[in-house]
Protein chains: 2
Amino acid sequence: MTTIRELAQLCGVSLATVSRVFNKPDSVSPKTRERVERMARELDYRPNESARTLATGRSTMVGLVWDTDHRRSGWRHPFLQDLLIGLKSALSAHGYHLLMLATGEAAHHRQVGASLADPVGYVDTVRRHDLAGVVLIDSGSDAEAFALFAQSGLPCVAIDVAVDGPRATYVTSANAEGAGQAVRHLLGLGHRRIATIAGPARTRPGADRLAGYRAALAEAGVPVREDYVAEGDFYRASGHSAMRKLLALPEPPTAVFAAGDEMAVGALLAARQAGCRVPDDVALVGFDDIEVAALVEPALTTVAQDKSGFGRAAAAAVMAMVEGGKAAPTPAPVELATTLVVRDSCGAAAPR
Amino acid sequence: MTTIRELAQLCGVSLATVSRVFNKPDSVSPKTRERVERMARELDYRPNESARTLATGRSTMVGLVWDTDHRRSGWRHPFLQDLLIGLKSALSAHGYHLLMLATGEAAHHRQVGASLADPVGYVDTVRRHDLAGVVLIDSGSDAEAFALFAQSGLPCVAIDVAVDGPRATYVTSANAEGAGQAVRHLLGLGHRRIATIAGPARTRPGADRLAGYRAALAEAGVPVREDYVAEGDFYRASGHSAMRKLLALPEPPTAVFAAGDEMAVGALLAARQAGCRVPDDVALVGFDDIEVAALVEPALTTVAQDKSGFGRAAAAAVMAMVEGGKAAPTPAPVELATTLVVRDSCGAAAPR
DNA sequence: CTAATTTTTGTAACCGGTTTCATCACCGTA
DNA sequence: TACGGTGATGAAACCGGTTACAAAAATTAG
């Protein structure tokens with residue numbers, strides 16, 4: 001590997017000059033710069049990132065905190081792949097890379113000094129690598145770790161969960177508004193007995209989508225019936241049991257808004273098992289627009305999130321803080337617009 | 001941040017001793033070691049990874065090459081998430097991290113010395129970071145880049161694509177055997193007119209699954225009819241059109257083995273549109289066991305791959321090479337066992 | 001033409017570790 | 001008691017960059 005010293009020597013200049021050619025090109029005279037650049041190309045020179053990070057104290061990597069340990073159960077993030085694509089390509093554009101933080105007991109305990117406050121070792125890794133910032137994906141059980149990051153002063157962007165700290169912000173969909181779109185659509189189809197299968201109230205999307213549901217009904221002058229509000233946990237099974245309960249009500253709803261597509265799929269199966277046809281007997285609208293939404297029978301009408309937009313927005317927020325330096329203002333939380341995708345499960349589909 | 005110098009000073013020993021405590025504990029006297037360890041814990045000392053990488057020339061990161069640029073189309077890896085989980089947790093256990101290599105023009109051209117031989121900048125990043133090894137996920141159009149890696153002498157493990165090089169190996173499913181399971185299952189149900197929707201012949205899984213199909217038929221003494229071999233590209237649309245052609249045959253097959261679930265889903269839709277019932281009129285078996293397989297109607301019988309096993313096996317292979325050093329033998333290619341998952345689309349489901 | 005500026009370049013310290021080699025203390029043995 | 005050997009420790013070079021500061025060169029002003 002060519003080093004900066006060799007390059008400098010061959011160009012007949014000092015190391016400092018070579019370094020400047022790549023970092024502050026304007027401070028080098030055009031002809032020197034050109035000579036160095038040509039030689040660099042010829043030798044296929046690449047500055048070593050570790051050396052650079054060591055010298056500057058800041059790496060060109062952003063950490064991704066995504067706890068996989070809880071995922072043994074088979075739960076999957078609904079759109080991790082899109083999120084990663086968005087994240088990666090946006091970071092890429094700034095010359096940054098994404099480091100997936102390995103965590104878990106195994107990784108942690110073989111290291112020097114496992115800290116009690118950081119049981120799974122996230123913060124540990126971040127410190128060791130001088131990461132430029134972190135992106136947090138909620139796994140539902142990392143609240144403590146997230147708080148640690150948010151307070152640490154490191155640029156920090158969370159996905160779908162509110163965090164608070166000096167340089168912390170987050171990205172969500174316009175959950176309330178999205179829920180409103182769904183409910184208004186059902187209202188527009190003439191439904192008045194509209195139930196919801198909500199997400200957990202302690203999660204941001206769960207709470208906001210429920211609020212949006214309530215607001216939309218209120219706005220239309222339709223009273224909210226508490227027996228029409230079932231709470232699920234975003235998993236499929238919870239949608240299934242919630243739907244069963246709703247259909248068993250003395251006066252069952254004619255339409256259901258499920259706050260997540262996985263739950264909507266569960267609800268669909270429950271309806272089928274109860275001999276209840278969708279959308280004829282009960283209309284159904286979901287939220288997320290995951291891949292299977294288009295494949296189930298009937299295809300699910302749902303509120304689509306801008307999946308790769310999450311990644312792009314998160315990257316943008318991190319980069320703004322990183323490149324702006326400590327003085328830069330922390331970006332405001334981002335709310336991504338949602339889109340209602342009308343398919344068959346709501347009974348409003350155009351004839352095919 | 002505490003540095004090794006501070007720590008050494010506070011312990012009244014030299015830096016070298018502190019370094020040894022963490023790297024070759026046996027070479028330090030028990031009482032010195034204990035003193036240093038206690039102090040390290042007290043100060044919450046963490047060795048800086050960049051400095052360490054710089055000094056040793058080898059980082060504790062493994063690169064993940066996964067080109068997202070081709071993915072604008074909406075294509076997704078069938079089980080990226082499981083793969084990542086397996087990869088990450090296995091690397092974790094060795095104290096290694098996964099670096100997603102940012103690539104693409106944008107990232108590359110703002111860097112020093114973009115190389116022609118490495119148009120998207122993978123190799124570039126690997127060199128800059130002194131990565132310990134790389135894992136390659138085939139995106140169908142990275143053959144040149146993959147070859148570069150494989151030849152480079154860096155530990156290199158590819159997923160689902162054969163690569164050749166001094167320290168390169170790969171992980172696939174037992175594709176031929178898996179296809180055999182599917183075909184034998186159909187034979188066992190009495191089918192003799194069994195067609196296949198194959199993957200692209202230039203891909204490893206495509207070729208091997210087709211070979212497995214042929215072998216299973218041959219073994220059963222059923223001649224392979226070339227008009228029963230349709231080639232798709234693993235995308236859904238290709239499965240759709242292939243199925244349409246097969247059903248339009250003068251003597252259509254009574255069963256179809258699709259070499260990928262996406263194509264199987266396409267085939268299912270095509271059958272439905274052709275008024276052909278599955279499994280009554282035509283039985284269908286897929287390959288992969290992606291999430292939607294269980295959700296389509298009828299639920300898809302398919303050959304399941306050990307999805308997170310890919311990640312674990314890849315990690316194991318990389319770590320074997322990394323920790324074994326240059327002298328260690330390159331691990332043989334891994335073939336993961338597959339499992340036939342019988343659902344409804346083949347007509348053999350147990351009564352519910 | 002000289003002095004004052006401004007631009008360009010070089011010197012050297014520094015980032016935080018690892019590792020080679022030399023030294024020193026301590027051990028058992030002759 | 002002197003000696004060779006072993007194990008523990010320290011001094012210093014090194015990894016490959018960045019950057020503060022000083023010096024030199026080029027430019028401008030007077």
Side-chain angles (χ1 to χ4, degrees), chain A residues 1-37 39-40 43-61 95 111-113 124 127-132 325, chain B residues 1-37 39-40 43-61 95 111-113 124 127-132 325:
Chain A
M1 290 288 293
T2 320
T3 71
I4 198 172
R5 273 162 241 273
E6 295 170 337
L7 182 54
Q9 198 152 27
L10 285 169
C11 294
V13 297
S14 72
L15 328 185
T17 301
V18 175
S19 178
R20 279 190 282 257
V21 166
F22 300 128
N23 297 309
K24 302 197 239 164
D26 295 338
S27 72
V28 177
S29 75
K31 66 176 193 298
T32 310
R33 188 197 321 156
E34 209 201 321
R35 181 154 39 102
V36 172
E37 279 171 345
M39 187 62 84
L43 296 181
D44 201 23
Y45 165 74
R46 306 300 157 86
N48 179 296
E49 272 295 323
S50 302
R52 185 183 265 233
T53 299
L54 179 57
T56 60
R58 213 167 46 69
S59 79
T60 54
M61 298 187 293
Q111 313 254 343
V112 181
D124 190 61
R127 281 178 47 191
R128 295 173 121 93
H129 287 87
D130 296 318
L131 294 188
Chain B
M1 291 288 294
T2 320
T3 72
I4 199 172
R5 273 162 242 272
E6 295 169 337
L7 183 53
Q9 197 152 27
L10 285 168
C11 294
V13 297
S14 71
L15 325 185
T17 301
V18 175
S19 178
R20 279 190 282 255
V21 166
F22 299 128
N23 298 307
K24 301 196 240 164
D26 295 338
S27 71
V28 178
S29 77
K31 66 174 193 300
T32 309
R33 188 195 322 154
E34 209 201 321
R35 182 153 38 103
V36 172
E37 280 172 347
M39 188 62 85
L43 297 182
D44 201 23
Y45 166 73
R46 305 302 157 87
N48 179 296
E49 273 294 324
S50 302
R52 185 182 266 233
T53 299
L54 178 58
T56 60
R58 211 167 49 68
S59 80
T60 54
M61 298 187 293
Q111 312 254 341
V112 181
D124 190 60
R127 279 178 50 191
R128 294 173 123 93
H129 287 87
D130 296 318
L131 294 187

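Chain A is the first sequence line, chain B the second, and so forth, proteins listed ahead of strands; every chain is numbered from 1.
The nucleotide whose nearest atom lies closest to any side-chain atom of A51(A) is, among dG16(D), dG16(C), dG10(D), dG16(D). Closest contact between the side chain of S14(B) and the listed nucleotides dG10(D), dG16(C), dT18(C) involves dG10(D). The side chain of L54(A) lies closest to dC15(C), out of dT18(C), dG17(D), dC15(C).
Toward the 5′ end of DNA chain D lies the nearest nucleotide of G12(B), the other residue of the pair G12(B) and M1(A) mapping further downstream.
For L7(A) and dG16(D), the CG to C1' distance is 12 Å, given to the nearest whole Å. N48(A) places its CG atom 16 Å from the P atom of dT18(C), with the value rounded to the nearest Å. dT7(C) atom P lies 12 Å from atom CG of D26(A), rounded to whole Å. When rounded to the nearest whole Å, the span between CG of L15(A) and P of dT18(D) equals 10 Å. When rounded to the nearest whole Å, the span between CG of D130(B) and C1' of dG17(C) equals 14 Å. Note: NE2 (H129(B)) to P (dG16(D)) measures 16 Å, nearest angstrom. To the nearest angstrom, P of dG16(C) lies 14 Å from CD of Q9(B). Counting to the nearest Å, the C1' atom of dA20(D) and the NZ atom of K24(A) are 10 Å from each other.
Residue-level contact check: V28(A) touches the backbone only, with heavy atoms under 4.0 Å from sugar-phosphate atoms and none from bases. Contact annotation for T32(B): backbone-only contact, meaning every heavy-atom pair under 4.0 Å involves sugar-phosphate atoms and none involves a base.
Checked by atom type and distance alone, the side chain of S59(A) never pairs as donor or acceptor with a backbone atom of T53(A) at under 3.5 Å. A donor-acceptor contact shorter than 3.5 Å is absent between the side chain of E34(B) and the backbone of K31(B).
For R20(A) and dG10(C), a side-chain-to-base donor-acceptor distance below 3.5 Å is present, hydrogens and geometry of angles not being considered. Looking at R5(B), its side chain comes within 3.5 Å of the base of dG17(C) through a donor and an acceptor atom.
Side-chain nitrogen and oxygen atoms of S27(A) include none within less than 4.0 Å of the OP1 or OP2 phosphate oxygen of dT8(C). Contact between the side-chain N/O atoms of S19(B) and the OP1/OP2 oxygens of dT18(C) is found at a separation under 4.0 Å. The phosphate of dT18(C) (OP1 or OP2) has a side-chain N or O of N23(B) nearer than 4.0 angstrom. OP1 or OP2 of dT9(D) has at least one side-chain nitrogen or oxygen of S29(B) nearer than 4.0 Å.
Contact annotation: the side chain of M39(A) never approaches that of V36(A) to less than 4.5 Å [non-hydrogen atoms, C-beta and beyond].
Contact between S29(B) and T32(B) at its shortest, heavy atoms only, is OG-OG1, 2.8 Å.
Between the side chains of T17(A) and S14(A), a donor-acceptor pair is found at a separation under 3.5 Å.
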